[in-house]
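Indexing begins at 1, ligand by ligand and atom by atom, following the structure's order. Below, each value reflects all heavy atoms present in this structure, side chains not excepted, and no hydrogens, waters or symmetry copies.
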Amino acid sequence: MPHMTKPARVRFAPSPTGYLHLGGLRTALFDWLMARHTGGQFILRVEDTDQKRYNPDSVQFIFDGLRWLGLEWDEGPDKGGPFAPYVQSERREIYQQYAEWLVDQGKAYRCYTSEAELEELRAKGQPYDRRHRNLTAAQRAAFEAEGRSSVVRLAAPLEGKTVVHDVIRGDIVVESASVADPVLLKSDGLPTYHLAVVVDDHLMEITHVLRGEEWIPSAPLHKLVFDAFGWEAPAFVHLPVILDPSGKGKMSKRKSVVEGKEFSPFVHDYMQAGYLPDAMFNFLATMGWNFDGEREVFSREEAIERFDVADISAKAAALPFAKLDWLNGVYIRQMEANALKQALAPYLARDLGLDAAALLTDPRLDALIPLIRERIKLLTEAAPLVDWAFATAGTITYPNPALLIGKKLTAAQSVDVLRAGLELLAAVEPFELPALEADFRARAEAMQIPVGSFFAPFRVAITGRTVAPPLFESMVVLGRAETMTRVENGLAALTSFAAE
Ligand code: GLU
């Protein structure tokens, strides 16, 4: 594709109306990939012209979500750039000037139709009937004298067709007359989205507009505004909708429950639930685009290298959430030990009430990393797997001491097993995996007890659980003294249980 070699200027233009959604993040990701692939710029522009829906926290949600995914922008509200400001509410005068210019050119006009009159039309299901398109100067003066407020409307062509070229969908063609002179500037002097988006995309020298397919119906209108100014429109790429996991239409803007599992459309929920940015990046990149039709796991660099908007599919797709969890596990297993430790520490700190900074220098966490790595898909799954390691001996309790009895053993036999183990734990040298394992196996054999039954009471004694990471690794993490204290506690609990 020859146009791909030219540096593209692409913008992500969210409206700050609430939490950032996965769909928005996917748009931003494709913008970013296109900018990086072509050596162009990724621009963040906040479209806050709709004051009624404005949510002051949401700009921060947008910043946080993009940065979490690693989509740094080259120009934007907090960064500035050659076309600042990048927040539409700070660009009011610009839109007003451009609207006036269109009026002067006869490409737009002032319309004084009252709200009541418009309501009448709406009630009859009719579009605006262009009633003020050809007012005389005297008529306008009369409306002004009445004190009527006015809006600026585009004088759209009354005949012919308007063609919008979409890179992945081909030509979108409408009868120009069907675009019923839309409002460009509202009576309060604020632009409508349609004016602001066109003026900004032009002034900011945007080459490609990537946005959700719900904007297709507005595209001809935007094209007509570009035409009215005599500007060349950017290339349009309307991205396929993301379907709801329920299979019922477009992904909902709220949480939904499908077969007992909750799905959230909000990016911050994934940030908190222990997903890795790399996995989410990989996952979202396949929402409408694919690497080569086969490979599921690819790096950012590989995606940048290969990404081409022309390869985006127009077909709607549902988010395969099971794949997201799978990918997250894949990325966790690929992570370097130190990176995994850094990623895990805040979650462990939060869920176990520990200090994140202290955790980073805690040798127990280093020792646990290999055990955790193979067993989790989400970072949040680590805490219940390793909470025992950070507990103090006394807080491991045995509400059901019968669990300390190995399979097919009597309580008395299990007491003997724990006693034998204590002897071994006191004497083994060094207190490391091979020596521990060898001694325990030899003793099980000598006592003619199957190893599984021999090991089980120790697992419960030191972790308080029947399912836990491998036994000897766990002992090494705890060290000799702590391991022995826990085994003694387990032994005491089982002894009094057996005596009952
Ligand atoms: N502000 C619009 C939105 O949030 C952007 C549409 C566009 O990218 O042109 O959906």
Side-chain angles (χ1 to χ4, degrees), residues 8-35 41-63 65-66 71 73 75-77 83 85-92 95 164-169 172 179 182-184 186 190-226 229 231 233-242 250-253 265-267 287-288 309 312:
R9 285 182 57 82
V10 271
R11 85 305 192 270
F12 178 50
S15 298
T17 55
Y19 292 130
L20 180 62
H21 290 107
L22 288 178
L25 192 59
R26 192 266 316 253
T27 301
L29 169 57
F30 283 9
D31 282 326
W32 183 89
L33 280 171
M34 180 167 198
Q41 286 86 36
F42 173 48
I43 294 132
L44 177 60
R45 183 173 75 223
V46 173
E47 300 204 324
D48 56 350
T49 51
D50 189 347
Q51 298 290 314
K52 283 192 286 293
R53 292 172 62 224
Y54 181 70
N55 172 329
D57 295 326
S58 54
V59 174
Q60 196 59 46
F61 293 141
I62 293 163
F63 286 2
L66 295 182
L71 309 182
W73 47 99
E75 299 166 27
F83 305 102
Y86 292 88
V87 178
Q88 288 188 327
S89 58
E90 295 168 22
R91 299 171 64 78
R92 266 171 230 198
Y95 309 122
V164 180
H165 184 73
D166 183 294
V167 175
I168 58 176
R169 294 161 200 269
I172 300 162
V179 180
V183 175
L184 299 179
K186 294 181 270 192
L190 281 175
T192 58
Y193 162 68
H194 304 304
L195 175 65
V197 73
V198 168
V199 169
D200 286 349
D201 284 344
H202 172 73
L203 293 181
M204 296 180 182
E205 298 177 5
I206 300 304
T207 60
H208 293 74
V209 167
L210 277 63
R211 60 183 178 187
E213 76 175 273
E214 66 273 20
W215 291 103
I216 290 177
S218 304
L221 191 175
H222 298 164
K223 175 70 166 54
L224 287 175
V225 180
F226 279 106
F229 280 115
W231 296 335
F236 288 97
V237 188
H238 289 96
L239 306 175
V241 290
I242 298 180
K250 201 178 158 211
M251 175 125 136
S252 153
K253 301 246 157 159
F266 307 124
V267 175
M287 282 299 95
V309 277
I312 295 172

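When the options D201, D31, D200 are evaluated for a salt bridge (Lys or Arg N to Asp or Glu O under 4.0 Å) with R11, the one that passes is D201.
A side chain to side chain donor-acceptor pair (under 3.5 Å) check over residues 210-225, counting only residues at least two apart or in different chains, returns the pairs Y193-R211, H194-H222, R211-H222, R211-H238, K223-D227.
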Can I43 and Y86 be said to form a side-chain contact (heavy atoms from CB on, under 4.5 Å), step by step? CA-CA 9 Å; I43 294 132; Y86 292 88; 3.8 Å; yes
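Within 4.0 Å of ligand 1, heavy atoms belong to protein residues R11, A13, P14, S15, E47, Y193, V197, R211, W215.
Within a 6.0 Å sphere centred on CZ of F226, other residues, nucleotides and ligands contribute more than 12 heavy atoms.
The nearest pair of heavy atoms linking I312 to L239 is CD1-CD2, 3.8 Å.
With Y95 as the aromatic partner, R92 does not meet the cation-pi criteria of under 6.0 angstrom to the ring centre and within 45 degrees of the ring axis.
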